[in-house]
Structure formats: C-alpha cells, structure tokens
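Below, chain A is the first sequence line, B the second, and so on; all start at residue 1.
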Amino acid sequence: MIRVKFLAFAAAVSTLASCSSSWGWYVVNPSTTSGLNNLKFLVGGLYYTIALSLTAIAISITVGLVIALPGLASHRALRNINRLYVELVRAVPILVLILWVYYGMPQMTGLSITVFWAGVIALALSDSAFEAEIFRAGIQSIDKGQYEAAHSISLGYVDTMRFVILPQAVRRILPALGNQLVYMLKMSSLVSVIGMQELTRKANELVVTEYRPLEIYTILVLEYLVLILAVSAGVRWLEKRMQSDQSK
Amino acid sequence: MRQPPTEPIIEISDVNKFFEEFQALANVSLEIYLGERTVICGPSGSGKSTLIRCINGLEHHDSGTIKVDGEYLTRSNASLRSVRSKAGMVFQQFNLFPHLTVLDNLTLGPMRSRGFSKREAQDLAMLYLERVRIPEQSSKFPRQLSGGQQQRVAIARSLCMEPKIMLFDEPTSALDPEMISEVLDVIIELADSGMTMICVTHEMGFARKVADTMVFMDFGEIVESSPPERFFENPNSERCRDFLQKILHH
C-alpha cells in the first residue's frame with residue numbers, strides 16, 4: 001500500500017517537473033527575497049480564513065441547536081418555525097447571501113458592517129440551517145427510554161437536554177459537525193469577493209501583480225489542504241477521546 | 001397487609017387510555033395504601049405497563065383521575081415533577097445513561113432536582129449502591145456491567161430520589177435467566193424494608209413471596225384483585241385461571 005502511494009507520488013512529481021517549461025516556481029521560491037515575500041503574503045491570509053471560519057461555525061452551531069429544538073417539539077406550530085427557517089435559509093446560495101448581507105443589509109438597516117462580520121453573518125446563517133438538521137437527526141436518534149429515565153428522576157426539559165440527551169447526541173453527530181467545519185473553511189474563500197483579506201483574496205491579488213496563476217493557485221490549494229487535513233485529524237482525535245470515555 | 005390507613009397513597013379511578021383506536025386502559029380503578037406491595041400480571045398488551053406508566057405521568061391518561069400522595073396528576077410540568085419525585089420507576093430496559101459513570105448516573109437526580117451538593121449526592125449514591133450490593137462498580141460505565149448489575153444500578157438510581165413509591169415495569173424481563181435472582185433479591189429486600197411498590201412481572205414465585213395484593217389485567221381491565229393466597233389457589237375469573245395455568249405449568 002505504502003509502495004503504491006509512493007509510486008503515485010513519484011509519478012505526480014515527475015509529471016509536474018517534466019512540464020517545467022510552463023511552471024515558474026520562482027514567484028514563491030523562499031530562497032529569493034521576492035519569493036519569500038510573496039509566500040509570506042499568501043500565508044498572511046491564514047489568520048482571517050481561520051478566524052472567520054471558527055467564529056462562523058461557533059455561531060452557526062449555537063443557532064443551529066436553537067433552531068433544531070423547536071423542530072423536535074410536539075406542537076405543530078413550533079415544528080413549522082423550524083421547517084420555515086431551514087427551508088428558507090437552505091435555499092439561498094452562500095455567495096448570494098454574502099453579497100446581500102454586505103451590500104444589501106446596510107441599506108436596509110442603515111448600519112454599516114465590516115467585511116469580516118458580513119462574512120461571519122453570511123456563513124453562519126447559511127450553515128446554521130444544516131447544523132439544525134444535523135442536531136435534529138442526532139437528538140432524534142437517542143432512545144426514548146433516555147428521556148423517560150431522565151423524567152423519572154424528575155429532571156425538567158433543560159436538564160434532560162443538557163445532561164442526558166445532548167451529550168449523547170453530540171457524540172453521534174461529531175463526524176457530521178467536523179464535516180461542516182471543513183465545509184466552512186472552504187466556503188470562507190467566497191468571502192474574498194467582498195474584499196476579505198483571507199487566503200483566496202491574497203492569492204487573487206498576487207496573481208494580478210505576478211501573472212503566475214498556476215503556481216500561486218497551486219500554493220492556495222495546498223494551503224487549504226493542510227488546513228483541512230489538520231481539522232480532520234483534530235476531529236478524529238476528539239471522536240476517539242469521547243469514545244474512550246464510555247469504554248475505559 | 002398492614003392496618004389500612006385512612007387514605008390510599010395511590011388512588012386511581014375510572015382511568016381510560018387510548019392509543020389511537022386501541023383502548024389500553026378501560027375504566028381502571030385501583031387503590032394502593034402506604035407500605036402495600038402490589039404485583040400486576042396479565043398477558044402482553046393487557047395494559048399493565050401502561051397503567052404504571054400513567055401513575056408517574058410517562059403516559060397521560062385520557063379520562064378519570066390519578067391521585068398520588070394527595071395530589072391529582074395533571075399534565076402540568078409542576079404536577080409531573082412532583083409526582084415523579086414521589087414515585088420512582090425501574091424500566092425493563094434499565095435505561096441507564098450510557099455516557100455517565102455509575103456514580104454520575106446516581107448523583108444526577110439528587111443534584112439537579114433535589115438541590116444536593118455533589119458531596120452529599122455522592123454519599124447518598126454510595127449508600128444505595130451498597131444497598132444493591134455493587135459499591136465497587138461506582139466508577140465504571142454501564143456497558144461494562146452485566147444486565148443484572150445494570151438493573152441494580154437503575155434501582156439504586158431511583159432510590160437516590162428517596163421516593164415514597166417504587167414502580168417496577170417488568171424489571172427482569174430483559175435479563176438472562178441466571179441474573180434474575182440477583183435483581184429479585186434486591187427488590188425483595190426493598191419490599192421487606194416497607195417500601196410501597198407496584199411491580200409488573202411474570203415471576204410468580206417472586207409475586208407469591210412479596211405481594212400483599214395480586215392484580216390481574218386483561219384487555220385493559222382489572223379482572224381480578226385479591227390477596228395472593230386466594231389469587232393463586234382460587235381465582236374468581238375464568239380468564240385469570242387460564243392465564244395462571246399457562247404460566248405456572250410449562
């Protein structure tokens with residue numbers, strides 16, 4: 001298996017090297033001053049990509065949970081609120097939402113908004129509908145007996161959710177939540193259209209001055225790859241830790 | 001039975017319960033006095049589980065009244081919480097919280113609904129774990145225990161709420177045969193200590209040993225309610241005689 005991977009890697013490298021005529025790695029060659037500066041410029045977008053994604057996911061998980069709960073209620077009116085929110089928000093493309101929040105909302109409310117918060121609001125809003133569905137599925141997967149046991153020791157709704165249902169549901173939906181974080185990191189690239197200085201915007205700006213899209217976008221791809229592999233590893237670690245909680 | 005006090009601790013009158021078209025309880029009336037041990041039996045689907053689930057509000061009765069320790073049971077949260085703190089419940093499937101240790105399973109109720117400190121709740125939990133004879137398992141998770149041990153933890157969890165009444169819903173039906181007696185022994189001990197209890201079970205040897213009153217249900221009705229001597233030797237109804245014959249001689 002390892003040998004196969006190595007061969008594939010070697011083949012990929014030699015293919016890239018063989019079309020050296022069309023590659024100009026000098027733009028990002030760290031041994032030259034300009035190359036190093038270009039690299040620093042590109043990596044400089046990392047902060048905003050991460051800050052934006054983490055803030056947005058934190059908000060969207062919170063909102064998603066709040067929206068999921070009425071979706072589980074026995075009252076039809078409450079369930080309809082949940083459905084309405086999910087269906088409406090899910091139907092708006094993220095890019096459209098970003099443009100609407102940044103250019104449209106200030107006109108409506110009269111308040112100006114920074115690029116960062118416009119991005120956070122748009123990403124969080126859009127993602128919250130998906131988080132709501134994930135939470136609803138997770139909570140619904142918990143056995144009815146768990147609620148009954150919680151009720152039988154006199155726990156109210158909030159305590160039942162907080163101490164009995166949600167801890168179990170979160171363990172089950174952890175892989176899906178990890179997915180959403182990965183998705184969020186990728187979608188944050190769209191916020192570049194309103195001028196957010198994140199990874200994609202930085203790459204676009206450098207391409208305009210250096211005219212080397214192939215190399216610069218390749219670096220961009222690698223940046224996202226590293227970021228997302230790190231998130232995957234983190235989620236897997238968390239999953240393992242939560243599982244060992246129950247079977248030590 | 002002990003000398004009858006003036007007022008029953010549980011008073012069920014004319015209770016009806018429907019699941020869609022199916023009538024699970026039909027004009028059920030039953031009085032239970034403090035310290036009384038009642039065993040309910042009957043064929044599956046006869047409404048016995050529904051009846052005890054109605055007593056602590058896990059199912060809502062459609063008509064009639066249920067009065068527990070002087071309080072009428074309604075659908076309001078206050079009424080449900082109050083009745084549930086008086087009537088503990090042990091389930092067929094144990095329903096322990098799998099993400100919590102045995103100790104945390106036991107301390108959750110006292111800490112969150114009785115206002116105990118962590119320390120007090122832990123002391124209480126250890127007291128009841130000793131009573132069900134598994135104090136050494138306190139730091140384990142439920143899935144590391146046998147079925148019999150899990151059910152004993154579930155009994156201890158209910159006892160930690162210090163209820164006046166214990167309800168058992170087929171507590172040994174999900175157990176491997178060799179584990180039934182360890183759970184029944186714990187329940188018998190509890191009965192001997194004077195706990196008021198209602199137990200739905202098919203374990204007739206156990207019933208004969210602990211019951212003050214035997215109740216036989218069929219098609220959602222209470223068909224027979226009598227002391228165990230009369231119940232086992234000379235039941236009034238044909239249906240009850242049939243049922244006993246089936247489960248006692250096989």
- Item | Close side-chain approach of B:L80 to A:H151, heavy-atom, < 4.5 Å | no

- Task: Please examine the side chains of B:F97 and A:P167, heavy atoms only from C-beta on, and report whether any two atoms are closer than 4.5 Å.
- Result: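 A side-chain contact is absent here, since even the closest heavy-atom pair is not under 4.5 Å.
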
Looking at [X], I want to see if its [atom1] is surrounded by more than 12 non-hydrogen atoms of other residues, nucleotides or ligands under 6.0 Å.
X: B:N77; atom1: CG; answer: no
X: B:K164; atom1: NZ; answer: no
X: B:F19; atom1: CZ; answer: yes
X: A:R236; atom1: CZ; answer: no

- Message: Testing B:R84, B:M161, B:R112 one by one against A:I153 for a side-chain contact (heavy atoms from CB on, under 4.5 Å), which residue passes?
- Response: B:M161

- If you round to the nearest 0.5 Å, how far is CD of A:E148 from CZ of B:R53? 4.0 Å

- Task: Quick one: pull up NE2 in B:H99 and CD1 in A:I165 and give me the separation to the nearest 0.5 Å.
- Result: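 The NE2 atom of B:H99 sits 8.0 Å away from the CD1 atom of A:I165.
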
- Message: Please classify the contact of B:L96 with chain A as side chain, backbone, both or neither, using a heavy-atom distance under 4.5 Å.
- Response: backbone

- Do the side chain of A:S152 and the main chain of B:G88 share a donor and acceptor less than 3.5 angstrom apart? no

- Task: Heavy-atom pairs under 4.5 Å with chain A are the metric here; pick the option from B:T101, B:V83, B:L58 that has the most.
- Result: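 Of B:T101, B:V83, B:L58, B:L58 has the most heavy-atom pairs under 4.5 Å with chain A.
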
- Here the pair of heavy atoms bringing B:N95 nearest to A:A149 is O-CB, 3.3 Å

